[in-house]
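Let me begin by presenting the structure, written as structure tokens, before commenting on it.
For the single chain, residues carry numbers from 1 onward in sequence order.
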Amino acid sequence: MHEKNIKSIVKNQLKKKFPNWKRLPKKKKKALARQVSKEVVKNYSFANEVTAPLNELTGTPVIQETEIMTLAEMEQFIYDHTRYIVQL
């Protein structure tokens, strides 16, 4: 998880320091990304725990537990939506 945390720190720094990131040439982007990642890794402490939320590290949206169906509800949902379809 430390690698993902470092990656998110680098992304945040690049967004803040270079707002016109999309307009930069590819070679300049690579050089800047290498420079920022080297500095972050140099100052990063692997002894500390990762405090960033899991959805931020994995790049997934926040999902509430109430939005997740149980297996029984999913089975009923599938049954309700496929019973009128002719199955070959």
Would you compute the distance between atom [atom1] of [X] and atom [atom2] of [Y] and round it to the nearest 0.5 angstrom?
X	Y	atom1	atom2	value
Ile68	Met74	CD1	CE	10.0 Å
Lys16	Trp21	NZ	CH2	15.5 Å
Glu75	Thr70	CD	OG1	9.5 Å
Leu54	Lys4	CG	NZ	8.5 Å

Just wondering, are more than 12 heavy atoms of other shown residues or ligands nearer than 6.0 Å to OH in Tyr79?
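Not buried by this count: 12 neighbours or fewer within 6.0 Å.
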Sorted by chain and residue number, the salt bridge (Lys or Arg N to Asp or Glu O under 4.0 Å) partners of Lys42 (sequence neighbours excluded) come out as Glu39
Fill in: Leu71 with Ile78, same ILVMFWY side-chain cluster at under 4.5 Å
no
Checklist entry - Can you list the steps and then say if Ser8 with Leu57 is a side chain to side chain contact (heavy atoms under 4.5 Å, CB included)? => result CA-CA 7 Å; Ser8 68; Leu57 294 177; 4.1 Å; yes
Requested in this report: Only one of Lys28, Lys29, Arg34 passes side-chain contact (heavy atoms from CB on, under 4.5 Å) with Leu32; say which it is.
Outcome: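 Considering Lys28, Lys29, Arg34, a side-chain contact (heavy atoms from CB on, under 4.5 Å) with Leu32 is found only for Lys28.
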Residues 43-56 vs side-chain hydrogen bond (donor to acceptor under 3.5 Å, both in side chains), sequence neighbours excluded, gives His2-Tyr44, Asn5-Tyr44
